[in-house]
Amino acid sequence: MPELPEVETVARGLAQRVAGDIINSVWIGRKPEPLKSPARKIAALLEGSRIANVRRVGKHIVVDLEEDGQKPRGQWIVHLGMTGNLVLTSPDQQVPKHTHLIAQLASGRELRFVDPRRFGRLSVHRAESAFKAPGSEPLDVDFESFARLFRGRKTPIKSALLNQRLLSGVGNIYADEALFRAGVRPRRRAAKVTREELRRLYEALRKVLSEAIAAGGSSISNYVDADGEEGLFQFDHRVYGREGEPCLSCRSPIKRVVIAGRSAHYCAHCQR
DNA sequence: AGGTTGACCTGGACGC
DNA sequence: TGCGTCCAGGTCAACC
């Protein structure tokens with residue numbers, strides 16, 4: 001579920017509420033799938049740490065941890081996968097099914113990682129080897145660097161947008177939405193997209209992502225933010241999930257095709 | 001080397 | 001109600 005705007009929303013919400021709090025103890029479920037680091041390493045780094053900050057890198061939530069004297073201690077990295085969420089609750093809230101980790105905070109609250117499909121991943125990094133995402137942040141990268149990412153790539157432009165080693169944080173919804181707004185068909189070979197089209201794509205992607213962040217994430221389903229509240233938001237999907245419905249510009253039906261195993265939505269009339 | 005496919009999971013929506 | 005099928009916002013390893 002969560003792409004860049006959703007992860008940003010969760011991270012911001014948590015940063016506001018838990019920065020400065022201390023993790024007293026950690027419970028980790030028995031199913032090992034969501035853990036990239038061993039459970040005892042995760043627990044060891046988290047327990048006794050103060051949460052300095054919570055932020056987003058690509059689709060990852062980075063929890064910066066520090067010692068008492070503000071000395072950096074390491075990072076707790078949370079990837080939400082398709083269905084994961086990191087929720088701040090009071091301990092008397094019922095623990096939902098598929099809760100894989102609970103961090104008890106000194107303030108008396110709990111930070112819980114819940115993920116039914118278990119595609120999410122948890123890991124820890126020591127302070128010496130800080131986490132780094134391989135791709136460029138779409139909201140930070142300049143146009144020349146953005147354009148360079150696609151040079152010589154025969155893969156469909158849609159697949160290139162989703163490639164996290166190129167761009168960090170773009171997922172299926174916002175890739176489709178950006179391509180629609182730029183007027184570029186998802187199956188076009190990345191290398192063949194003209195400079196002018198890339199310029200439109202660059203602007204469209206930034207616009208779509210920042211609008212979605214401003215709206216607090218996507219409206220597509222039961223997405224909830226760090227408080228466990230439904231995102232109020234209404235970000236308009238113009239193509240995603242609108243197969244067969246009329247294009248909002250030209251009324252021709254939105255098409256859905258599969259590209260590299262992911263569904264892609266576009267308007268055959270407006271996108272070339 | 002670089003691109004595409006299946007596997008990994010659970011659950012909700014839909015058709016019969 | 002129940003069962004089967006399809007679909008899902010992500011990412012890898014394995015394949016060509």
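Because the structure is predicted, anything quoted here is derived from the model rather than measured. In what follows, every chain begins at residue 1, and chains take the letters A, B, ... in the order their sequences are listed.
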Can we say K207(A) and E211(A) salt-bridge, meaning some charged N sits less than 4.0 Å from an Asp/Glu carboxylate O? yes
When rounded to whole Å, the CD to C1' distance for the pair E3(A) and dG10(C) reads 10 Å
Look through every strand shown and name the nucleotide pairing with dC7(C) as Watson-Crick or G-U wobble, where both distances are under 3.5 Å. dG11(B)
To the nearest 0.5 Å, tell me how far H79(A) NE2 sits from S123(A) OG. 10.5 Å
Just the rounded figure in Å: distance from P of dG2(B) to CZ of R151(A). 15 Å
Atom-to-atom span, CZ of R187(A) to P of dT4(B) - whole angstrom: 10 Å
Side-chain N,O (K59(A)) to OP1/OP2 (dT11(C)) below 4.0 Å: yes
Has R117(A) got a side-chain N or O lying under 4.0 Å from the OP1 or OP2 atom of dC8(B)? no
Think T155(A) has a side-chain N or O under 4.0 angstrom from the OP1 or OP2 of dT4(B)? yes
Y174(A) atom OH is separated from dG10(C) atom C1', nearest whole Å, by 15 Å
Side chain of R118(A), heavy atoms from C-beta onward: which of dG3(B), dT10(B), dT4(B) has the nearest atom to it? dT10(B)
As its Watson-Crick or G-U partner within any shown strand, both distances under 3.5 Å, dA1(B) has none
So R165(A), base contact, sugar-phosphate only, or nothing? Heavy-atom distance under 4.0 Å. nothing
Relative to the ring of H125(A), is the ring of F131(A) parallel (under 30°), tilted (30 to 60°) or perpendicular (over 60°)? perpendicular
What contact category does R121(A) fall into here, base, sugar-phosphate, or nothing, at under 4.0 angstrom with non-hydrogen atoms? nothing
Measuring to OP1 and OP2 of dG10(C), would you say a side-chain N or O of H79(A) lies under 4.0 angstrom away? no
Nearest heavy-atom pair of Q75(A) and L45(A): which atoms, and what distance? O-CD2, 3.7 Å
Taking the P atom of each, how far is dT11(C) from dA1(B), in whole Å? 24 Å
Provide the closest heavy-atom pair for F146(A) versus V141(A) in the form atom of the first, atom of the second, distance. N-CG2, 3.8 Å
So, is S263(A) close to the dA8(C) phosphate, meaning a side-chain N or O under 4.0 Å from OP1 or OP2? yes
Does a nitrogen or oxygen in the side chain of Q164(A) sit under 4.0 Å from OP1 or OP2 of dT11(C)? yes
Between atom CG in L161(A) and atom P in dG10(C), what is the gap in whole Å? 12 Å
Rounded to whole Å, the NZ-P distance (K97(A) to dT10(B)) equals 9 Å
Atom-to-atom span, CG of L162(A) to P of dA8(C) - whole angstrom: 13 Å
To the side chain of P116(A), which of dG11(B), dG3(B), dG10(C) is closest? dG11(B)
Write down the distance between CG (N163(A)) and P (dC12(C)), rounded to a whole number of angstrom. 10 Å
Ignoring backbone atoms, test whether H98(A) places a side-chain nitrogen or oxygen under 4.0 Å from the OP1 or OP2 oxygen of dC9(B). no
Mark this stacking check for F119(A) against dT11(C) as yes or no, applying ring centres under 5.5 Å and ring planes under 30°. no
Would you call E144(A) and R148(A) a salt bridge, using N to O less than 4.0 angstrom? no
Is any side-chain nitrogen or oxygen of R153(A) closer than 4.0 Å to OP1 or OP2 of dG3(B)? yes
